[in-house]
Amino acid sequence: MHDLINLLQVMVGLFGTISTVLAVTHKYNKADYEAIIKELTAERDEFKKDYYKQKEKTEKLEEELRKRQ
């Protein structure tokens with residue numbers, strides 16, 4: 001009886017491992033992830049560009065305020 005329970009536990013563990021591997025490989029699609037990363041990188045670059053433009057404007061305005069005082 002003890003051997004049967006051990007065999008059943010091993011079989012269930014093996015089944016769980018196989019189903020996990022299949023689920024991970026099925027869900028993983030490298031092309032989709034590459035497209036998402038590319039899109040996020042482009043968005044980040046746009047935000048960076050806007051940030052530096054805004055920073056430059058702010059520095060100019062601060063410099064003008066210093067000159068007026």
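Small disclaimer: the values here were computed from a predicted structure and weren't measured. When reading the values below, keep in mind they use all heavy atoms of this one structure, side chains included, and skip hydrogens, waters and symmetry mates.
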**Request:** Taking side-chain hydrogen bond (donor to acceptor under 3.5 Å, both in side chains) as the test, write out the residues that go with Arg66, two or more places apart.
**Result:** Glu63

**Item:** Which residues share a side-chain hydrogen bond (donor to acceptor under 3.5 Å, both in side chains) with Glu59, sequence neighbours left out
**Value:** none

**Message:** Just to verify, what does Glu56 make a side-chain contact (heavy atoms from CB on, under 4.5 Å) with, not counting sequence neighbours?
**Reply:** Lys60

**Asked** Taking the hydrophobic residues Ile, Leu, Val, Met, Phe, Trp and Tyr, and joining any pair whose side-chain heavy atoms are under 4.5 Å apart, which ones share a cluster with Met11?
**Response** Leu7

**Leu65: hydrophobic cluster co-members (side-chain, 4.5 Å)** = none

Pair up each side-chain donor or acceptor in residues 35-48 with any protein partner under 3.5 Å, not counting sequence neighbours, and list the distances.
unit_1 : atom_1 : unit_2 : atom_2 : d
Thr41  : OG1    : Ile37  : O      : 2.7

Could you list the donor-acceptor pairs under 3.5 angstrom formed by side chains in residues 15-24, with sequence neighbours left out?
unit_1 : atom_1 : unit_2 : atom_2 : d
Thr17  : OG1    : Gly13  : O      : 2.9
Ser19  : OG     : Phe15  : O      : 3.0
Ser19  : OG     : Gly16  : O      : 3.0
Thr20  : OG1    : Gly16  : O      : 2.7

